[in-house]
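The next block holds one structure in the form of structure tokens; read it before the comments.
In what follows, chains are A, B, ... by sequence order, proteins preceding strands, each numbered from 1.
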Amino acid sequence: GEDVEQSLFLSVREGDSSVINCTYTDSSSTYLYWYKQEPGAGLQLLTYIFSNMDMKQDQRLTVLLNKKDKHLSLRIADTQTGDSAIYFCAEMRSNDYKLSFGAGTTVTVRA
Amino acid sequence: GAGVSQTPSNKVTEKGKYVELRCDPISGHTALYWYRQSLGQGPEFLIYFQGTGAADDSGLPNDRFFAVRPEGSVSTLKIQRTERGDSAVYLCASSEDSYNEQFFGPGTRLTVL
């Protein structure tokens, strides 16, 4: 969606950390999500953050939210080949229920 | 438990034909959503059901698109007089209620020749 922007590609070496960035425009967004899509599969929710938080950690995943700059990032520690996929950032606005997605970042993990 | 399922997984049709795409949500989920994902893009919202009624159909691109959910469970997305530009992956999602986490199905890849 035009309101959520992501870089299109990221290449990372196996074992390194990956950082995927996203910017959004609607300051009323209440929830921000990261979804993973593998070839031929549906979207899998990885994690989400509520807008009153600035960080959330879940095992190898760390989400950082900078509300002032409307910037969201997803860090994947110790990236594995199974992490190769397209990652989508999505926002849900206040009093809304539909998700607005970015175009997705294709992450390629090389040995 | 079973996730969201969609049938068919692939559908190839000719320009001008009518197609129906089916979504079986997670049992007990009252909210159901349809999204469309074009090649190289993120999903875009089409329509949202709360129970049997379409609470928001603002994302449907034109009147060739219609969706129903007559018993508040299974939903069917119907496309009349298909055009090549309708080619995309159609994703269905369901959630326990509005504002809850949306669980996505694997999608139906529609190709209009």
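Side-chain contact check for B/Asn100 and A/Tyr97: no donor-acceptor pair (N or O, by modelled atom type) lies under 3.5 Å.
Taking the six-membered ring for Trp and the full ring otherwise, the centers of A/Tyr35 and B/Phe104 sit less than 6.0 Å from each other.
For the pair B/Glu44 (side chain) and A/Ser100 (backbone), a donor-acceptor distance under 3.5 Å is absent.
Note: the hydrophobic cluster containing B/Trp34 does not contain B/Leu91 (ILVMFWY, side chain heavy atoms under 4.5 Å, direct or indirect links). Hydrophobic clustering (ILVMFWY, side-chain heavy atoms < 4.5 Å, transitive): A/Leu74 and A/Leu8 are in distinct clusters. Under the 4.5 Å side-chain contact rule for hydrophobic residues, A/Leu72 and A/Leu46 share a cluster. Note on B/Tyr90: it clusters hydrophobically with B/Ile47, by side-chain heavy-atom contacts below 4.5 Å among ILVMFWY residues. Under the 4.5 Å side-chain heavy-atom criterion for Ile, Leu, Val, Met, Phe, Trp and Tyr, A/Leu64 and A/Tyr87 are members of distinct hydrophobic clusters.
Nearest heavy-atom pair across A/Lys98 and B/Phe45 is CD-CD2, 3.2 Å. When all heavy atoms of B/Gln102 and A/Met92 are compared, the pair lying nearest together is NE2-CE, 3.9 Å.
More than 12 heavy atoms of other residues, nucleotides or ligands shown are found within 6.0 angstrom of CZ on A/Arg93. Other residues, nucleotides and ligands place more than 12 heavy atoms under 6.0 Å from the CG atom of B/Leu113.
Looking at A/Leu43 and B/Pro43, their side chains come closer than 4.5 Å, going by heavy atoms from C-beta outward. Residues B/Phe103 and A/Gln44 are not in side-chain contact: their nearest non-hydrogen atoms beyond the backbone lie 4.5 Å or more apart.
For chain B, no part of A/Ile86 is nearby; none of its heavy atoms comes within less than 4.5 Å. With a threshold of 4.5 angstrom between heavy atoms, B/Glu101 approaches chain A through side-chain atoms but not through N, CA, C or O.
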